[in-house]
Amino acid sequence: MAKITVSTLKKMKEEGRKIAALTAYDASFSQLFQDNGIHVLLVGDSLGMVLQGGTDTLGVTNQDIAYHTRCVRAGAKDTFVIADMPFMTYSTVTDTCKHAAELMRAGANMVKLEGGEWLYDSIKALTIQGIPVCGHLGLTPQSVHVFGGFKIQGRENEQANKMVQDAQALERAGAQLLVLECIPSALAERITQSVSIPTIGIGAGKLTDGQILVMHDLVGISAGYIPKFSKNFLLETGNMPAAVKKYLDDVTSGAFPGTEHEFN
Ligand code: KIV
């Protein structure tokens, strides 16, 4: 498979070809994901929950993400890798640039930040200095305590309109990709149509430009809670490479997610 870049992802949106992404944290799984054609890997701060056993993502440090980004890059030399910027590592423009540079040096192709218009200056500074940015709107887990739990976002009109404005502001600032998490499908479709950058959904329905799952959800080993938007691909395939391939096929064909995985 040809190396994926930000230009490939943009072209996929323009041509209506779906992007399949997974979280990854180590070399072995990253290599498996690369070998089975996954387009994008995210070193998510979800590692605070699925690897470290935390109840949220707030305990994750930039060092943690840099370490796992190195592991992922070692296993997937040719795949597009996004590194998450942890809680409170992008509060000021200076902090943002310093921490993002550490993640790029660890092997990332792009960094991801949670939040809307308030990130405008930071995203502008990053892109001017050569660091590609992925935005993240909707249920942004670093704000779980402000939301009062892991709750669907954007159900009220005012909040939905603000999210569309935020998406457009992130694009104007220079973001080249956008994750939409746990929002109504109609809103995800509206945002996807109102920006020219690709959107990647998780719990955002099938009308985004691509999908992402936490890898533990793909194989049904998320401790305790099984999110409505996830699917255990291991159940129907019986082995790990086949599960990854089935996920890729179902995302690219539009078979996943189904209506049973979406929110209204
Ligand atoms: O940290 C993460 O894994 C994420 C995905 C859920 C998009 O941000």
Side-chain angles (χ1 to χ4, degrees), residues 9 19-26 29-30 33 38-62 64-69 71-72 79-90 99-100 103 108-116 119 133-144 147 149-154 163 167 170 175 177-183 188 191-192 197-205 208-219 221-223 225-231 247 251 256-257 261 263:
L9 299 174
I19 300 163
L22 281 175
T23 66
Y25 315 100
D26 71 17
F29 280 113
S30 304
F33 298 159
I38 297 299
H39 304 119
V40 172
L41 299 179
L42 168 68
V43 184
D45 63 357
S46 49
L47 69 83
M49 300 171 80
V50 296
L51 299 193
Q52 297 173 343
T55 52
D56 57 43
T57 60
L58 273 54
V60 177
T61 65
N62 216 53
D64 292 336
I65 299 286
Y67 170 80
H68 288 281
T69 300
C71 299
V72 166
T79 302
F80 193 83
V81 174
I82 306 173
D84 242 346
M85 296 200 65
F87 177 62
M88 294 302 282
T89 61
Y90 49 98
H99 293 124
L103 302 182
N109 298 110
M110 178 178 257
V111 297
K112 177 165 81 59
L113 290 74
E114 296 181 6
L119 290 170
V133 174
C134 176
H136 185 159
L137 294 173
L139 170 48
T140 44
Q142 290 169 19
S143 300
V144 61
F147 296 149
F150 293 100
K151 295 179 179 163
I152 312 306
Q153 299 297 307
M163 220 181 284
L170 296 180
L177 199 62
L178 183 57
V179 166
L180 299 175
E181 179 165 354
C182 290
I183 61 173
I191 293 174
T192 299
I197 56 175
T199 60
I200 310 271
I202 174 163
T208 52
D209 300 309
Q211 298 293 326
I212 184 161
L213 276 186
V214 171
M215 58 160 284
H216 294 66
D217 289 340
L218 176 94
V219 293
I221 54 167
S222 307
Y225 171 71
I226 301 166
K228 171 181 158 88
F229 57 76
S230 77
K231 180 175 168 187
Y247 170 69
V251 170
F256 177 80
H261 302 116
F263 301 107

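In this chain, numbering begins with 1 at the start of the sequence shown. Atoms within each ligand, like the ligands themselves, are counted from 1 in listed order.
Taking distance alone, with nitrogen or oxygen atoms compared against 3.5 Å, Thr23 stays at or beyond that limit from ligand 1. Residue Asp45 has at least one nitrogen or oxygen atom sitting less than 3.5 Å from a nitrogen or oxygen atom of ligand 1, judged on distance alone.
A ring-centre distance under 6.0 Å is found for His261 and Phe256.
Looking only at distances, no side-chain donor or acceptor of His136 sits under 3.5 Å from a matching main-chain atom of Glu114. A donor-acceptor contact shorter than 3.5 Å links the side chain of Gln153 to the backbone of Lys151. Counting only distance, with no hydrogens or angles, the side chain of Thr199 and the backbone of Leu178 share no donor-acceptor pair below 3.5 Å.
Under a 4.0 Å criterion applied to the non-hydrogen atoms of Asp84, ligand 1 contributes the atoms 1 (O), 2 (C), 8 (O). Taking a cut-off of under 4.0 Å to the non-hydrogen atoms of His136, the atoms of ligand 1 that pass are 8 (O). Set against the non-hydrogen atoms of Ile202, the atoms of ligand 1 under 4.0 Å away are 6 (C).
Counting protein heavy atoms only, atom 8 (O) of ligand 1 is closest to Lys112 NZ, 2.9 Å.
Among Val43, Leu22, Leu42, the residue whose heavy atom lies closest to atom 7 (C) of ligand 1 is Leu42. Residue nearest to atom 3 (O) of ligand 1, selected from Gly44, Ser46, Ala21: Ser46 (by heavy-atom distance).
The aromatic rings of His68 and Tyr25 sit perpendicular, their planes meeting at an angle over 60°, well past the 30° parallel limit.
Atom CZ of Phe263 has more than 12 heavy atoms from other residues, nucleotides or ligands within 6.0 Å.
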